[in-house]
Amino acid sequence: MTASVFREARPLCAARRLSGRAAHVVLGGAAGLVWLVLPVMTINSGTAVALPETRPVTAIAAQRHDETSPGYLALPLVAVGTAGVLAGYAYVRRTRRARTRTTPGGGHAPPSAPWRSPPASDELDRLSTELITQADDWVRTSREELGFAEARFGAAAVEPFARAVREADAELAAACRMRERYDHGVPEDAAARTQALAGVVGRCEEAGRLLDAEAASFDELRGLEWGSREALEVAEARFRELAGRTGAAASTVAGLRERYGPAAVASVTGHVELAKDRLLLATSRLNRAHQSADAGDAAAAARHLRVAEGAVAQIGVFVHGVERLAEELSTAGRLVPAALSGAEADVEAIRRAAESATAQLTAGSPGTPGPAGAGAAAPAPVPGASSAAVPVDVAAGELRARVTHADLELAHVRVRAQPAAGPYDPLDALRRIVRATAPVGTRRSGVLSAAEELVARSALAAADDFAGTHRGVVGATARIRLAEARRLLPTDPQTADALARQARELAEQDVRLHGNPSAAGDPSAGATAAVLGGILLGEDPDGGPPACYGGPGTRARRRPKPA
């Protein structure tokens with residue numbers, strides 16, 4: 001209430017200050033006029049007398065000039081000049097204040113204005129998650145359309161736009177990292193946490209700005225609004241290629257299910273059906289793009305083409321996901337025997353090293369504190385222990401329990417990997433080997449390191465595919481976990497694997513909770529799937545404008561103009 005009173009009082013105070021300045025100017029001018037008139041009044045003062053004679057005008061002027069001293073004019077001129085300077089200074093100052101004032105109608109108020117309170121933490125919390133979701137969509141759709149432009153114009157022509165996508169992706173990754181730390185209670189101070197949320201918002205907005213800054217130039221390069229014939233040919237060629245691969249993907253999934261079991265192909269279950277759904281959408285939109293182009297409506301043709309391109313891009317994701325999984329399962333199947341043997345050797349080496357240390361401790365050998373916290377000497381080198389190390393911060397009893405658990409897990413994997421046991425998931429077998437040996441302190445080198453990385457990359461790719469092809473409903477938490485898994489992949493593959501699997505579960509939960517968003521205006525042509533996949537923005541009954549290269553400004557640019 002006090003702030004509103006201050007705001008209402010400011011115009012009145014400003015008016016009073018202006019009135020005061022005007023009074024000063026008028027008073028100064030009046031004083032100057034008085035000083036100018038004063039000499040004349042002084043010369044002409046006295047008793048009026050009759051003029052004895054008429055003199056020439058020049059003589060009268062000369063006489064007045066002689067009778068008027070320069071000193072009488074100097075002071076009035078100085079006064080007038082001073083008044084003029086003061087009036088000019090007041091005008092300039094008033095103009096500058098009007099340009100920078102923060103009262104209503106006087107320009108933009110700075111963010112730190114004391115009477116404008118910052119957004120509440122709850123509002124920043126909501127805004128940060130919304131912007132993470134939107135920024136992830138901007139980057140994904142920009143990258144998809146960039147692929148079609150590169151196929152037509154080459155990598156060199158699209159490099160500035162690809163660089164903008166990379167920079168926006170880096171901003172998004174930083175925002176996700178900040179939000180991940182925030183969700184885990186870092187920082188703890190309330191003010192710092194508010195600043196962290198503001199930082200997330202700022203990073204996401206910067207990602208959108210980077211993409212919007214290049215969107216107009218990118219549209220000019222593609223030139224779809226002036227003619228889409230060549231772009232249509234590129235999209236149709238890609239469409240035909242993927243249509244053939246979709247049929248092969250169906251056979252691949254059936255073969256993988258028979259060889260490795262249903263659990264092994266769970267990550268691509270439904271991919272073929274979803275690819276066929278996108279094929280239906282692409283077919284419809286390509287036809288409509290041709291019809292619009294033939295009718296001379298380039299804007300409508302470009303709009304339908306962008307929807308078709310989005311559908312074609314997601315067909316590629318589904319088909320490639322099946323093909324990638326087949327390769328990963330084949331590689332994992334070859335790695336399992338070697339990884340199993342290496343893990344068993346490492347666990348055995350750790351057991352023998354721990355037993356040696358315990359024996360030396362029991363015998364009372366002098367030395368430094370050992371793993372059990374007592375005075376155990378450093379154990380003698382054990383053959384085969386070059387790739388393993390005894391955890392120095394684990395008690396002897398705890399270490400024996402971990403070794404026993406690892407033995408049981410490895411034994412279970414060995415039984416399942418036998419040909420007589422039937423189909424099994426080699427990726428899951430590698431994951432169990434890696435998890436079983438990690439607590440006992442085996443070093444990640446050689447085949448175990450390769451197995452750990454393969455498992456993590458497979459989980460990350462599967463989660464990324466699902467989030468990208470269902471981004472119309474996948475929320476921010478799944479995307480944040482996915483970004484964190486991507487960040488940790490080079491340094492901590494096991495944690496990255498766990499985060500990627502968690503991200504996939506969260507994304508699937510989002511899809512179940514939201515269901516299939518409907519686009520009643522065009523359900524037969526796959527518009528519902530387009531909204532689910534983020535190909536259409538879903539703002540109108542017919543699915544809304546298509547998503548494309550750019551940030552938040554593309555929504556307005558892509559919306560059809562009213563007739």
Side-chain angles (χ1 to χ4, degrees), residues 132-133 135-136 139-140 143 166 169-186 200 203 263-268 317 320-321 324-325 327-332 335-336 339 342-343 346 387 391 406 409 413 425-471 474-510:
I132 284 176
T133 301
D136 189 53
V139 171
R140 288 179 183 274
R143 188 180 291 119
R166 292 192 298 268
D169 194 25
E171 293 290 337
L172 172 62
C176 290
R177 176 58 178 157
M178 294 172 67
R179 179 68 203 205
E180 175 77 7
R181 290 167 55 84
Y182 177 89
D183 290 339
H184 285 81
V186 180
V200 173
R203 292 280 191 172
V265 297
S267 61
V268 297
V317 172
H320 180 66
R324 184 188 62 243
L325 179 63
E327 183 177 353
E328 291 168 349
L329 289 172
S330 177
T331 303
L335 275 178
V336 166
D346 284 351
S387 63
E409 282 292 313
V413 172
D425 182 358
L427 282 172
D428 182 67
L430 289 180
R431 181 175 289 109
R432 299 185 69 165
I433 292 171
V434 168
R435 291 182 176 178
T437 56
V440 299
T442 57
R443 295 173 182 168
R444 290 293 177 259
S445 60
V447 67
L448 280 180
S449 178
E452 188 178 45
E453 184 176 355
L454 174 63
V455 168
R457 287 190 180 278
S458 177
L460 181 59
D464 190 68
D465 287 353
F466 188 88
T469 54
H470 297 79
R471 57 180 175 262
V474 172
T477 305
R479 301 173 195 247
I480 293 169
R481 299 291 185 275
L482 191 59
E484 186 69 4
R486 194 179 296 113
R487 185 185 70 85
L488 293 175
L489 180 62
T491 58
D492 191 357
Q494 188 173 353
T495 304
D497 173 54
L499 287 172
R501 289 164 63 83
Q502 182 184 6
R504 173 68 183 261
E505 293 174 358
L506 290 170
E508 291 177 346
Q509 180 179 353
D510 289 337

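This chain uses plain numbering: 1 for the first residue, then up along the sequence.
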Quick check: does any side chain N or O of Arg432 sit under 3.5 Å from a backbone N or O of Ala429, one acting as donor and the other as acceptor? no

What one should report as the nearest heavy-atom pair of Ala496 and Leu488 is CB-C, 4.1 Å

After noting the C-alpha distance and the side-chain angles of Leu329 and Glu327, does the key distance pass the side chain to side chain contact (heavy atoms under 4.5 Å, CB included) rule?
CA-CA 6 Å; Leu329 289 172; Glu327 183 177 353; over 6 Å; no

Value for CZ (Arg457) from CG (Leu489), rounded to nearest 0.5 Å, stands at 4.5 Å

For Leu427 and Val455, the nearest pair of non-hydrogen atoms, with its separation, is O-CG2, 3.8 Å

Practice prompt. Examine distances only and state if a side-chain atom of Arg486 and a backbone atom of Leu460 form a donor-acceptor pair shorter than 3.5 Å.
Written response: no

Heavy atoms of Gly475 and Thr133 approach each other most closely as C-OG1, 3.9 Å

Interatomic distance, CG@Asp136 vs CG@Leu482, rounded to 0.5 Å, equals 7.5 Å

CD (Glu453) and CG (Leu448) are apart, to the nearest 0.5 Å, by 13.0 Å

query: Would you find a donor on one side and an acceptor on the other, under 3.5 Å apart, between the side chain of Thr437 and the backbone of Val434?
result: yes

Taken to the nearest 0.5 Å, the spacing of Asp510 CG from Phe466 CZ works out to 9.0 Å

### Short side-chain to backbone donor-acceptor contact, Ser458 and Leu454, under 3.5 Å
no

In short, Leu430 meets Ala332 closest at the heavy-atom pair CD1-CB, 3.6 Å

Do the charged groups of Arg501 and Glu505 touch, with an N to O distance under 4.0 Å?
-> no

Minimal heavy-atom distance between Ala463 and Ala500, with the atoms involved, is CB-O, 3.4 Å

- Is Asp464 salt-bridged to Arg140, cutoff N-O under 4.0 Å? yes

Applying side-chain hydrogen bond (donor to acceptor under 3.5 Å, both in side chains) to Asp497 and not counting sequence neighbours gives Arg431

Looking at Arg504 and Ser267, would you say the former's side chain and the latter's main chain have a donor-acceptor pair under 3.5 Å?
yes

The reported gap from CD in Glu171 to CZ in Arg203 (rounded to nearest 0.5 angstrom) is 5.0 Å

Value for OG1 (Thr477) from CD1 (Ile132), rounded to nearest 0.5 Å, stands at 8.5 Å

Assess the residue pair Val265 and Asp425 against the criterion (side chain to side chain contact (heavy atoms under 4.5 Å, CB included)); give the C-alpha distance rounded to whole Å, side-chain angles, the decisive distance to 0.1 Å, and a yes or no.
CA-CA 9 Å; Val265 297; Asp425 182 358; over 6 Å; no

Legend entry - Residues Arg143, Asp169; criterion side chain to side chain contact (heavy atoms under 4.5 Å, CB included); working and verdict: CA-CA 10 Å; Arg143 188 180 291 119; Asp169 194 25; 3.5 Å; yes

Look at Glu409 together with Arg435 and state whether they make a salt bridge at an N to O cut-off of under 4.0 Å.
no

Scanning both residues in full, the closest heavy-atom pair of Val268 with Gly321 reads CG1-O, 3.8 Å

Contacts of Glu484 meeting salt bridge (Lys or Arg N to Asp or Glu O under 4.0 Å) (sequence neighbours excluded), chain-then-number -> Arg177, Arg487

